Amino acid sequence: MPVRTARLRRLAGGLLSLLLALPWSAPHAGSGTIEPIERFFVAPASPGDVLSPGTSHALVLGVVVLDETGWTVEEVLDAVDGMAAILAPCGIRLRSIDLQRVAVPHEYLDLDTPRSRELARRLAPPRPTFYFVRDTRHRPAFDAEAIGRGNSRTRPELADSVWVTRAAPDLPVVLAHELVHVLANRGDHVDLPDNLMRETSHPDHVRLTGTQCAEVRATGARHGLLNPLETQ
């Protein structure tokens, strides 16, 4: 399969990235099947790049963008870039992104447990995973929903995932907030000023305490969602 390579942009921390696109044949409209359209691997251009001081854990992120939801690959990558900048002070470095753009039947465009379980099972992306969808059928309805180990016992295919709808505001902040829920495997919020884990998102709510960061790193590593680095 041919591979197209293009320079993309700089990720958080100034890491020059490469975009590797593996194209598939586009599915026939209305085929009623889950069909990958293309896949992107985003990683630092040089394996030997210098880590920022204090970096202790690496994140390999799966991303699934559903076609016909209004999301674009560039929009998603920009939001993930902003999310990485928010988490960097916790010593977490975004090592790579495995992004799939996928065509699905219309009934799969929204978060809906039975169909979303089937989608996750079919695609099997790296975890943790962001799914960019159109809307949600869950009630109460959330603009974005984190599904960790603690709230996925009856739907294991959805463990370690975040489902983001088109209604989500302050996208980098929302992504970072929901990913912390997944990495720390807890769904509670705090009232600390400007803290990322306040219940309501805001562009200024981006801080995490040392205790929060330690919990995210420890639990994320224990669950295999973060990779401890041997060298700083």
Side-chain angles (χ1 to χ4, degrees), residues 12 57 59-66 69-71 75-90 92-94 97-99 110-113 116-117 119-120 123 125-153 155-192 194-209 212-213 215-221 223-226:
H57 290 71
L59 170 66
V60 175
L61 187 66
V63 176
V64 175
V65 180
L66 299 189
T69 56
W71 294 107
E75 177 184 19
V76 167
L77 289 176
D78 283 343
V80 172
D81 191 8
M83 177 213 73
I86 293 172
L87 296 183
C90 271
I92 298 171
R93 175 203 180 212
L94 180 60
I97 305 166
D98 181 342
L99 186 151
D110 305 326
L111 172 59
D112 175 61
T113 294
S116 297
R117 289 179 67 180
L119 178 67
L123 297 176
R127 298 185 185 189
T129 315
F130 284 122
Y131 291 86
F132 288 83
V133 298
R134 181 180 61 185
D135 205 342
T136 179
R137 298 185 184 184
H138 288 182
R139 295 295 180 269
F142 297 103
D143 295 338
E145 185 170 346
I147 304 175
R149 304 289 174 94
N151 62 340
S152 62
R153 292 184 178 89
R155 44 182 181 167
E157 300 88 349
L158 303 186
D160 308 321
S161 68
V162 174
W163 298 73
V164 188
T165 76
R166 285 301 304 175
D170 308 316
L171 201 54
V173 177
V174 167
L175 296 186
H177 175 103
E178 301 299 339
L179 184 59
V180 166
H181 278 312
V182 168
L183 295 175
N185 193 33
R186 56 188 303 166
D188 55 326
H189 295 101
V190 302
D191 292 326
L192 298 173
D194 296 335
N195 194 271
L196 179 65
M197 301 315 293
R198 292 181 67 87
E199 187 169 8
T200 304
S201 68
H202 186 277
D204 292 336
H205 297 171
V206 295
R207 298 179 182 176
L208 289 168
T209 68
Q212 288 173 314
C213 288
E215 181 179 25
V216 167
R217 292 191 301 265
T219 305
H223 290 165
L225 304 177
L226 292 174

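Along the sequence shown, residues are numbered consecutively beginning with 1. Keep in mind the model is a prediction, meaning the values are calculated, not measured.
- Annotation: R207, atom CZ; neighbour count of heavy atoms from other residues, nucleotides and ligands within 6.0 Å does not exceed 12.
- For H189, the ring-ring contact (aromatic ring centres under 6.0 Å, His included) partners at least two apart in sequence or on another chain are H177, H181.
- With hydrogens and angles ignored, the 3.5 Å screen pairs no side-chain donor or acceptor of H205 with any backbone N or O of V173.
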Note to self: Before you tell me yes or no, could you show the steps for V76 and L171 under side chain to side chain contact (heavy atoms under 4.5 Å, CB included), namely the whole-Å CA-CA distance, both residues' side-chain angles and the distance that decides it to 0.1 Å?
What the structure shows: CA-CA 9 Å; V76 167; L171 201 54; over 6 Å; no
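- The shortest distance between side-chain heavy atoms of V80 and L99 does not fall below 4.5 Å.
- Remark: D112 engages R115 in a salt bridge (charged side-chain N to carboxylate O under 4.0 Å, His left out) (not counting sequence neighbours).
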Next item on the list: Kindly determine whether L111 and T165 satisfy side chain to side chain contact (heavy atoms under 4.5 Å, CB included), including the steps that lead there.
Entry: CA-CA 8 Å; L111 172 59; T165 76; 5.8 Å; no
Note to self: Applying side chain to side chain contact (heavy atoms under 4.5 Å, CB included) to L208 and N195, what does each step give before you reach the verdict?
What the structure shows: CA-CA 6 Å; L208 289 168; N195 194 271; 4.3 Å; yes
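- Taking every heavy atom of both residues into account, N185 and G150 meet most closely at OD1-N, 2.9 Å.
- When all heavy atoms of L59 and L225 are compared, the closest pair comes out as CD1-O, 3.7 Å.
- Heavy atoms only, all atoms of each residue included: I86 and P172 are closest at CD1-O, 3.7 Å.
- Across every non-hydrogen atom of F130 and V164, the tightest pair is CD2-CG2, 4.4 Å.
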Check: Which is it for V174 and D143 under the side chain to side chain contact (heavy atoms under 4.5 Å, CB included) test, yes or no, and what are the steps along the way?
Finding: CA-CA 9 Å; V174 167; D143 295 338; over 6 Å; no
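- A salt bridge is defined here as a Lys NZ or Arg NE, NH1 or NH2 lying under 4.0 Å from an Asp or Glu carboxylate O, and D160 with R149 meets this definition.
- Residues A159 and R127 approach most closely at O-NH1, 3.4 Å, considering heavy atoms.
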